[in-house]
Amino acid sequence: MAAVLELIAGSYEQVAFGYRIKTDEKEWTAKADFTHHAHNASVSAVAASERFVVTGSKDETVQVYDMKKKTEHGALLHHDGTITCLEFYGTSHLLSGGEDGLLCVWSTKKWECLKSIRAHKGHVTSLSVHPSGKLALSVGTDKTLRTWNLINGRSAFIKNIKQNAHIVRWSPDGDKYAVVINDKVDLYDLETASVTAKLTNPKRVSSVKFLNNSILAVAGDDETVRLCDVGKEKWVCEFKAHETRVKAVDSFDMEDFCVMVTASNDGFIKMWKLQLKEELEPPTLLGEVNTTARLTCLAVWKPSSVKQAAESPAAAATTSEELAQELSKTKRVRITSEEVVLEDESKPKKKKKVGKKK
């Protein structure tokens, strides 16, 4: 049975593209589904949930698209400066970060800004939500890595990392995370909050993605994608993916293999079939599409792949007792966090500049 899939990409040309993928043939084909020119500056970030796709831009707005109704849902207006990162937690919340140093938590029910956190002195460069939904990591231009308790919206831990990191990503199990500084990838253990492995890419890293809990895909300012075994601390596979630098990497799982998606400055989005076995072999090309645009960011819209909050595994421990206790309560994560944050923000909600474009 063919999966319902759509590749979403943003570009320097201010346009967001959507391509519906046909997966029931040996060679996957991509059919143009939509192009949205809702921004008046380049698209800098994109994220997808079960129902919505959101794009962030240098025009300081987040545009929301309803993928079920195929309509533009409106614009979120809270940040002052470029939107640098967007990430959904399940179907209930969206987190956004920007050059204004803010980390915003949005409800996807009414698209209200439930919480606006002054996260960094300087830009927020990247954020990542823990699989449990109870905490998030952020990095910024103030040379810090910050852990946020999403239950109460407060900072739980601040680590000075001496340089400005531009990417942070949790592993799927939530027991480790990757922090990227230029061409270096540091892997941290959640329980000890210390670096367990250091990797150096030949070029500045543009995107990383955990394909599973042990294999990390790394793309940089060249045409090559490299795969690292984080347990063994070594590169296990590399392949030429594009003609010019790879800007973004994403992935999703099919029944018996992993699909890695890459987007490049050369305008192509490519889908790669990969068997995550002991001995990794270079992936085979499943299909590609030429957008003819200079691509900046990428997301996969796959309604069936959204993780359920109650099934998320809890991490073993964290950097504070409070968070360790919170993470041990795996059930009703989404409901709990929404209730608490809503209570926190019940009074000052009138001040928020959240609006929709007609």
Side-chain angles (χ1 to χ4, degrees), residues 85 87-90 93 95 97 103 105 117 119-120 124-140 142-181 184-199 205 207-218 227-234 251 276 307-334 336-337 340:
C85 43
E87 186 168 326
F88 279 98
Y89 170 61
H93 293 89
L95 273 71
L103 183 65
V105 181
I117 303 164
H120 290 271
V124 178
T125 51
S126 181
L127 65 88
S128 186
V129 182
H130 190 271
S132 70
K134 292 181 175 179
L135 68 154
L137 294 170
S138 68
V139 289
D142 56 0
K143 301 179 182 178
T144 64
L145 164 68
R146 296 177 185 245
T147 308
W148 301 96
N149 182 337
L150 294 180
I151 305 299
N152 59 24
R154 296 197 179 107
S155 175
F157 190 71
I158 301 171
K159 187 175 183 67
N160 291 310
I161 51 178
K162 298 178 183 175
Q163 288 178 282
N164 291 330
H166 62 282
I167 303 173
V168 63
R169 289 287 177 271
W170 283 107
S171 67
D173 289 356
D175 59 344
K176 62 178 82 74
Y177 50 93
V179 175
V180 180
I181 301 168
K184 292 180 171 53
V185 182
D186 290 343
L187 290 148
Y188 285 79
D189 177 72
L190 171 64
E191 195 167 344
T192 60
S194 60
V195 177
T196 58
K198 285 177 174 283
L199 301 159
V205 175
S207 181
V208 299
K209 171 73 178 182
F210 278 97
L211 305 184
N212 59 21
N213 217 52
S214 59
I215 302 296
L216 180 71
V218 179
L227 304 181
C228 166
D229 187 314
V230 296
K232 296 175 182 174
E233 294 183 45
K234 68 175 185 178
S251 72
L276 296 175
K307 53 184 178 257
Q308 295 300 313
E311 295 168 7
S312 296
T318 188
T319 49
S320 73
E321 287 180 28
E322 178 191 1
L323 281 175
Q325 289 167 359
E326 289 294 348
L327 284 169
S328 65
K329 305 170 194 168
T330 53
K331 293 187 179 174
R332 297 183 65 229
V333 173
R334 189 182 305 150
T336 309
S337 61
V340 175

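Numbers here simply count residues along the sequence, with the first being 1.
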Closest non-hydrogen atom pair, Glu87 against Val129: OE2-N, 3.0 Å
With distance as the sole test, does Thr147 use its side chain to make a donor-acceptor pair with the main-chain N or O of Ala156 at under 3.5 Å? no
Sidechain-backbone polar pair: Thr196 side chain, Leu187 backbone, donor-acceptor under 3.5 Å: yes
Spacing of Leu127 atom CG and Leu137 atom CG [to the nearest 0.5 Å]: 9.5 Å
Quick one: do Asn164 and Thr125 satisfy side chain to side chain contact (heavy atoms under 4.5 Å, CB included)? Show the steps, please. CA-CA 9 Å; Asn164 291 330; Thr125 51; over 6 Å; no
Side chain to side chain, Tyr89 and Val105, heavy atoms closer than 4.5 Å: no
Given Cys85, which of Val139, Val124, Val168, Ile167 fulfils the side-chain contact (heavy atoms from CB on, under 4.5 Å) condition? Val124
Minimum heavy-atom separation for His166 to Val205, with atom names? NE2-O, 2.7 Å
Could you check whether any side-chain heavy atom of Asn213 comes within less than 4.5 Å of a side-chain heavy atom of Lys176, counting everything from C-beta outward? yes
Non-neighbouring partners of Lys198 that pass salt bridge (charged side-chain N to carboxylate O under 4.0 Å, His left out), sequence neighbours left out: Asp186
Nearest heavy atoms of Asp175 and Asp189, plus distance in Å: O-OD1, 3.7 Å
Side-chain touch Asp229/Ile215, heavy atoms, less than 4.5 angstrom: yes
If the plane angle is over 60° it's perpendicular, under 30° parallel, otherwise tilted; pick one for Tyr177 and Tyr188. parallel
Applying ring pair (Phe, Tyr, Trp, His ring centres under 6.0 Å), name anything that partners Phe210, two or more places apart in sequence or on another chain. none
Distance col, row Ile151:CD1 vs Ser132:OG, nearest 0.5 angstrom, shows 7.5 Å
Apply side chain to side chain donor-acceptor pair (under 3.5 Å) to residues Ser171 and Asp173 and explain how you reach the verdict. CA-CA 6 Å; Ser171 67; Asp173 289 356; over 6 Å; no
Kindly give the heavy-atom pair with the smallest separation between Lys162 and Lys143, and that separation in Å. O-CD, 3.5 Å
Using modelled atom types and a 3.5 Å cut-off, is there a donor and acceptor pairing between side-chain atoms of Ser214 and backbone atoms of Gly231? no
When every non-hydrogen atom of Gly174 is compared with those of His130, the smallest separation belongs to O-NE2, 3.0 Å
Do you know the tightest heavy-atom contact between Trp148 and Ser138? NE1-OG, 2.8 Å
Tell me, please, which residues at least two apart from Arg169 pass side chain to side chain donor-acceptor pair (under 3.5 Å). Ser126
Main-chain N/O of Ala119 paired with Arg146 side-chain donor or acceptor, under 3.5 Å: yes
Any side-chain heavy-atom pair of Leu135 and Asn149 under 4.5 Å: no
